[in-house]
Number of protein chains: 2
Amino acid sequence: MTNIKDVAARAGVSVTTVSRVLNQHPYVSEQKRKAVLRAIDDLDYYPNINAVHLSIGKTHLMGVVLPYTDHPYFGLLLKGIAKKALEHNYKLVLFQTDYQKRVELEALQMLKTKQIDSLIICSRGCKWSIIEEHLQYGPIVVAEKREDQPVSATYVDHYASFTAALDYLYEKGHRKIGYTISRVTGTSSRDRDQAYKDFIKRHGLVYRADYIIDKCLYFEDGKKVIEHLQSISEPPTALLATSDQVAAGVMLCCHQMHIKVPEELAIIGFDNQPIAKMMNITTMEIPLEHMGEHLFEQALGGGVNSKEVTVSLIERGTV
Amino acid sequence: MTNIKDVAARAGVSVTTVSRVLNQHPYVSEQKRKAVLRAIDDLDYYPNINAVHLSIGKTHLMGVVLPYTDHPYFGLLLKGIAKKALEHNYKLVLFQTDYQKRVELEALQMLKTKQIDSLIICSRGCKWSIIEEHLQYGPIVVAEKREDQPVSATYVDHYASFTAALDYLYEKGHRKIGYTISRVTGTSSRDRDQAYKDFIKRHGLVYRADYIIDKCLYFEDGKKVIEHLQSISEPPTALLATSDQVAAGVMLCCHQMHIKVPEELAIIGFDNQPIAKMMNITTMEIPLEHMGEHLFEQALGGGVNSKEVTVSLIERGTV
DNA sequence: TTGTACGCGTTATCAT
DNA sequence: ATGATAACGCGTACAA
């Protein structure tokens, strides 16, 4: 590998001058600049980025922690992040965790060892205290609500948006409302659960554990949902789906089983993805791509600030 | 940042000994090892990975070039790659190109400047000669068929699988067959187009440009497809969809428009994704996740070898 | 405007 | 078994 020294020798100048040319610094005569450029060309020289990183202490690499990449929710978040990364000439290091803490810790470790400049955590698995410990090594931003914490965050208020959806269904006359979640653990599921319990309490309804369906993430989980609902007594008249994907899957199954939507089952999705528009699904719009962009900019900026994104109801044909 | 020198001083040994302890080399007395470990603990020392990379000339970073992350096709490919990366303790640097050559060139550049050890190109946009030029800097593997080239590849024979699907439809009595593609450029679209033309010729059918529908990638593109088919004279009786996503979208539209599948329109998808199983869609199975795994291992291995993955017809209810 | 020399943090070589 | 030191390739005070 030819290095800066070789170039300097060939051009008959010092390495400093070569470095100056490389980094477009001022104070280098046109004559020497030409000589350097020619030498670079002759020797097919290109800098070793690791040496640059070691020297300046930055990598232009940003870490992104998320559980899956093959799910539209994180896919859209990632799309927003990637868009901004492209703009700012940053590269992304992907940590697909499958909810394994180990992978998340490795990301934190890479921040500590300066292999990445900053870290975006889209879905946290490890304890909060571990995040805090690593804040000293570089900017960390999360996609969850953390009040009074020295961490930047862009998040959806799942409690509020879930409550809004429940209230909307209540207004429409529904009293038996079920919902699906992706997994029992996780902050968003917990928030939704709390919102549901408070809603039940506020309206004096009965809490039924069998109205809650776990592990619903994908389109194809719709089948499971319908099968479950048909297996219980007094099935709900309305369903809050984890996402538009799940809502769409449920709708398709309703078609197949000749269950009328919304007459026999009302459905609300989340995200407002294209599929919801196409299938005319009422949904709570979450600007995922925009969230991703904002997460990136927070990570880049380094300062600490929190942003709650607005979720709005899109009324369509499934309620 | 405390460094190896500080540790050495604190432990009363040389940096070499510290390095030996760090890298579990032999020839270090138990006594000194203990001292070093204590010093590491006392000082909260952790190595600067960039320095390690500079020294050993490797980064344990693998680049992945793909157009989108929010599409199930690439999502699954990426999933396979990520799985193997996890196993081998590699990290992935993602290059989401949106089919911009610039981003692809940056990936190649990062290989050249040793910021990544190797590169997986899932969808190529730049000229082949550019790829060849960069082979000297590290392993590059591609997801397309390249015969007699010094590059590793894992790919689907799109020509063969498309031909197989066409023949299957022909056997079933179809003579007017349309198909959708994601974009006019791109190797897979070209292969499919060629297969179609050859098929037409072999059976003495007429080639109709309006049987080919461009820019179909997502579920929601199904609507566009149906609208197009209804706008032309003598619409096809069978359709080869870009992917199961598109096939599913088309099917849903057929439901909505009361078009009977397969009686009025037969449909074949590609990939055999979960959605195809759920909707009982006949499809050509492509083992995407497995392809991703194989791509990673080729990139890791460094040798040159080609693998054509087998595509098989899954007969279900849409033909 | 240019160059020398050192620092970044680690590994590898070669003595001892 | 251990350590001094060169090497990795680059950026940048500081001196000239």
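Chain naming here is simple, since letters A, B, ... match the order of the sequence lines and numbering starts at 1 in each.
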ask   = Yes or no on side chain to side chain contact (heavy atoms under 4.5 Å, CB included) for Ile130(B) and Leu105(B), after CA distance, side-chain angles and deciding distance?
value = CA-CA 9 Å; Ile130(B) 297 185; Leu105(B) 294 178; 3.9 Å; yes
message = Within the 4.0 Å heavy-atom criterion, would you say Thr16(A) contacts the bases, only the backbone, or no part of the nucleic acid?
response = base
task = Using a heavy-atom cut-off of under 4.0 Å over every strand shown, decide if Leu54(B) touches base, sugar-phosphate, or nothing.
result = base
task = Please check if any side-chain donor atom of Thr69(B) sits under 3.5 Å from a side-chain acceptor atom of Gln96(B), or the reverse.
result = yes
Interatomic distance where CD1 belongs to Ile56(B) and C1' belongs to dA6(D) [whole Å] = 18 Å
Interatomic distance, Gln115(A) CD vs dG9(C) P [rounded to whole Å] = 16 Å
query = For the atom pair CG (Leu94(B)) and CG (Leu66(B)), what is the distance rounded to the nearest 0.5 Å?
reply = 5.5 Å
key: Within residues 2-15 of chain A: residues closer than 4.0 Å to DNA chain D (heavy atoms)   = Asn3(A), Ile4(A)
inquiry  = I'd like to know if Lys91(A) and Glu106(B) make a salt bridge, using a cut-off of under 4.0 Å between side-chain N and carboxylate O.
reply    = yes
Below 3.5 Å, can you tabulate the donor-acceptor pairs from side chains in residues 28-41 of chain A to any protein atom, sequence neighbours excluded?
from     : atom 1 : to       : atom 2 : distance (Å)
Ser29(A) : OG     : Lys32(A) : N      : 3.3

query = What is the distance from CD1 of Ile40(A) to P of dC10(D), rounded to the nearest Å?
reply = 10 Å
ask   = In whole angstroms, how far is the C1' atom of dG11(D) from the CG atom of Asn50(A)?
value = 15 Å
ask   = Taking CG from Asn48(B) and C1' from dT11(C), how many angstroms apart are they, rounded to a whole number?
value = 13 Å
message = Please classify the nucleic acid contact of Ser19(A) as base, sugar-phosphate, or nothing, using heavy-atom distances under 4.0 Å.
response = base
ask   = Thr17(B) side chain N/O closer than 4.0 Å to the phosphate oxygens (OP1, OP2) of dT2(D)?
value = no
note = Nearest-nucleotide check on DNA chain D, Val52(A) vs Gln31(B); residue mapping nearer the 5' end is Gln31(B)
request  = For His25(A) and dG11(D), give me the distance from atom NE2 to atom P, rounded to whole Å.
outcome  = 8 Å
Counting only pairs under 3.5 Å, give me each side-chain donor-acceptor contact of residues 295-303 of chain B, with atom names and distances, residues two or more places apart or in other chains.
from      : atom 1 : to        : atom 2 : distance (Å)
Glu297(B) : OE2    : Lys84(B)  : NZ     : 3.2
Gln298(B) : OE1    : Thr154(B) : OG1    : 2.5
Gln298(B) : NE2    : Ala153(B) : O      : 3.1
Gln298(B) : NE2    : Asn305(B) : O      : 2.9
Gln298(B) : NE2    : Asn305(B) : OD1    : 3.0

query = Going by the ring pair (Phe, Tyr, Trp, His ring centres under 6.0 Å) test, which pairs reach into residues 121-143 of chain B, not counting sequence neighbours?
reply = Tyr46(A)-Tyr137(B), His134(B)-Tyr137(B)
message = Applying a 4.0 Å non-hydrogen cut-off, can you work out what Ser29(A) is touching in the nucleic acid: base, sugar-phosphate, or nothing?
response = sugar-phosphate
message = With a 4.0 Å cutoff (strictly under), does any side-chain N or O of Lys114(B) reach OP1 or OP2 of dG9(D)?
response = no
task = Spell out yes or no: do the side chain of Arg20(B) and the base of dG3(D) have one donor N/O and one acceptor N/O closer than 3.5 Å?
result = yes
ask   = If you check the Ser55(B) side chain, which of dG9(C), dT2(C), dG7(C) turns out closest?
value = dG9(C)
request  = Please state how far atom NE2 in His53(A) lies from atom C1' in dG9(C), giving the value in whole angstrom units.
outcome  = 15 Å
message = Check the phosphate of dA16(D) against Tyr27(A), side-chain N and O only, distance under 4.0 Å to OP1 or OP2. Yes or no?
response = no
key: Terminal axis angle for the helix from dT1(C)-dA16(D) to dT16(C)-dA1(D), five pairs an end, nearest 10 degrees   = 40°
request  = Show your working on side chain to side chain contact (heavy atoms under 4.5 Å, CB included) between Leu108(A) and Ile140(A) and close with a plain yes or no.
outcome  = CA-CA 9 Å; Leu108(A) 260 1; Ile140(A) 302 177; 4.1 Å; yes
Residue pairs, two or more places apart or on separate chains, that pass ring pair (Phe, Tyr, Trp, His ring centres under 6.0 Å) and touch residues 99-122 of chain A = Tyr68(A)-Tyr99(A)
key: Gln136(B) CD: over 12 foreign heavy atoms closer than 6.0 Å   = yes
ask   = Which is true for Asn23(B) with a 4.0 Å heavy-atom rule: it touches a base, it touches only sugar-phosphate, or it touches nothing?
value = sugar-phosphate
query = Atom NZ of Lys32(A) and atom C1' of dT1(C): how far apart are they, to the nearest Å?
reply = 8 Å
